[in-house]
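The structure that follows is given in the form of structure tokens.
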Amino acid sequence: MRSGQDEPDRSGRLGAAELDAALGERATLVQFSSAFCQPCRATRGILAEVARMVDGVAHVEIDAEARLDLVRRLGVVRTPTVLVLDADGRVVRRAAGQPRRADVIAALGAAV
């Protein structure tokens with residue numbers, strides 16, 4: 001895949017100002033959701049639970065319809081989409097669809 005201006009930036013950094021929330025000390029789980037998305041509700045529970053279990057990890061949920069700027073920039077094409085950010089806000093993992101708890105915990109290994 002070539003890099004170009006028309007392609008979404010899927011690997012850049014995200015800051016607290018862009019997310020309207022504080023980043024986690026060690027990692028941040030960013031979830032893009034939509035109002036009528038059933039898997040988004042389940043994903044919310046899984047990510048919130050993992051964030052409570054792992055010190056220094058924050059969970060941020062973003063309404064995809066309200067933040068089309070980020071959706072386009074990051075190339076989000078379905079909900080839920082989950083991004084794992086490291087402490088500096090760099091995207092180190094991404095997945096679409098409802099994740100399994102074990103997969104989320106494993107993905108955090110790339111961030112911390």
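Computed from a predicted structure; not experimentally measured.
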Check: Hey, are R67 and D20 close enough for a salt bridge, meaning a charged N less than 4.0 Å from a carboxylate O?
Finding: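 Judged by the 4.0 Å cut-off on N to carboxylate O distance, R67 and D20 do form a salt bridge.
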Item checked: Evaluation steps, side chain to side chain contact (heavy atoms under 4.5 Å, CB included), between L108 and R93 -> CA-CA 8 Å; L108 281 173; R93 292 280 190 269; over 6 Å; no
Notebook entry, point to check: Can you list the steps and then say if I105 with M53 is a side chain to side chain contact (heavy atoms under 4.5 Å, CB included)?
Noted result: CA-CA 10 Å; I105 293 168; M53 289 174 24; 3.7 Å; yes
Notebook entry, point to check: Quick one: do V92 and V30 end up in the same hydrophobic cluster if we chain Ile, Leu, Val, Met, Phe, Trp and Tyr together by side-chain heavy atoms under 4.5 Å apart?
Noted result: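 No: no chain of side-chain contacts under 4.5 Å links V92 to V30.
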Margin query: For the backbone of L85 and the side chain of R90, can you confirm whether one donor and one acceptor N or O come within less than 3.5 Å of each other?
Written below: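 Side chain of R90 to backbone of L85: no pair is present.
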Next item on the list: Compare every heavy atom of D86 with every heavy atom of A111, then report the nearest pair and how far apart it is.
Entry: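 Taking A111 first and D86 second, the nearest heavy atoms are O-CB, 3.6 Å.
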Next item on the list: Quick one: pull up CG in D69 and CZ in R73 and give me the separation to the nearest 0.5 Å.
Entry: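 Rounded to the nearest 0.5 Å, the CG-CZ separation comes out at 8.5 Å.
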Next item on the list: Any chance you could lay out the side chain to side chain contact (heavy atoms under 4.5 Å, CB included) test for H59 and E49, step after step, and finish with the verdict?
Entry: CA-CA 9 Å; H59 170 227; E49 180 183 352; over 6 Å; no
Checklist line | Interatomic spacing from CG in D88 to CZ in R13 - rounded to 0.5 Å | finding: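 Between D88 CG and R13 CZ, I get 5.0 Å after rounding to 0.5 Å.
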Margin query: How close do L23 and A87 get, counting heavy atoms only, and between which atoms?
Written below: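 Where L23 meets A87 most closely, the heavy atoms are CD1-O, 4.2 Å.
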Notebook entry, point to check: Are V91 and V71 linked, directly or through other ILVMFWY residues, by side chains that come within less than 4.5 angstrom of each other?
Noted result: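 Looking at the clustering, V71 is in the same group as V91.
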Margin query: Do V54 and R26 make a side-chain contact, defined as non-hydrogen atoms from C-beta onward lying under 4.5 Å apart?
Written below: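 Yes, their side chains come closer than 4.5 Å.
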Check: Which atoms form the tightest heavy-atom contact between R41 and A35, and what is the distance?
Finding: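 Here R41 and A35 meet closest at NH2-O, 3.6 Å.
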Margin query: Nearest 0.5 Å, please: how far is CD1 in I62 from CG in L74?
Written below: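 Here the interatomic distance stands at 8.0 Å.
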Checklist line | Closest heavy-atom pair and its distance - C37, P80 | finding: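 The pair with the smallest heavy-atom distance is SG-CD, 3.8 Å.
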Check: For the hydrophobic clusters of this structure (ILVMFWY residues joined by side-chain heavy atoms under 4.5 Å, transitively), does one cluster hold both V76 and L19?
Finding: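 Yes; L19 is reachable from V76 via cluster members.
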Next item on the list: Could you tell me whether the side chain of L83 reaches within less than 4.5 Å of the side chain of F32, counting heavy atoms only?
Entry: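 A side-chain contact under 4.5 Å exists here.
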Check: Taking all atoms of both residues into account, what is the closest heavy-atom pair of T81 and R78, and its distance?
Finding: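 In terms of heavy atoms, the two residues are closest at OG1-O, 2.6 Å.
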Margin query: The test is side chain to side chain contact (heavy atoms under 4.5 Å, CB included); show your working for I46 and V104 and say whether it passes.
Written below: CA-CA 8 Å; I46 292 166; V104 174; 4.3 Å; yes
Next item on the list: Kindly indicate whether the side chain of V50, heavy atoms from C-beta on, has any atom under 4.5 Å from the side chain of R101.
Entry: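 A side-chain contact under 4.5 Å exists here.
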Next item on the list: Taking all heavy atoms of A21 and all of V60, pick out the closest pair and write down the distance.
Entry: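 Closest approach of A21 to V60: CB-CG2, 3.8 Å.
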Notebook entry, point to check: Rounded to the nearest 0.5 Å, what separation is found between the SG atom of C40 and the CG atom of L47?
Noted result: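 The SG atom of C40 sits 10.5 Å away from the CG atom of L47.
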Margin query: Looking only at the side chains, is there a donor atom on one of E61 and S33 sitting less than 3.5 Å from an acceptor on the other?
Written below: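 Short answer, yes.
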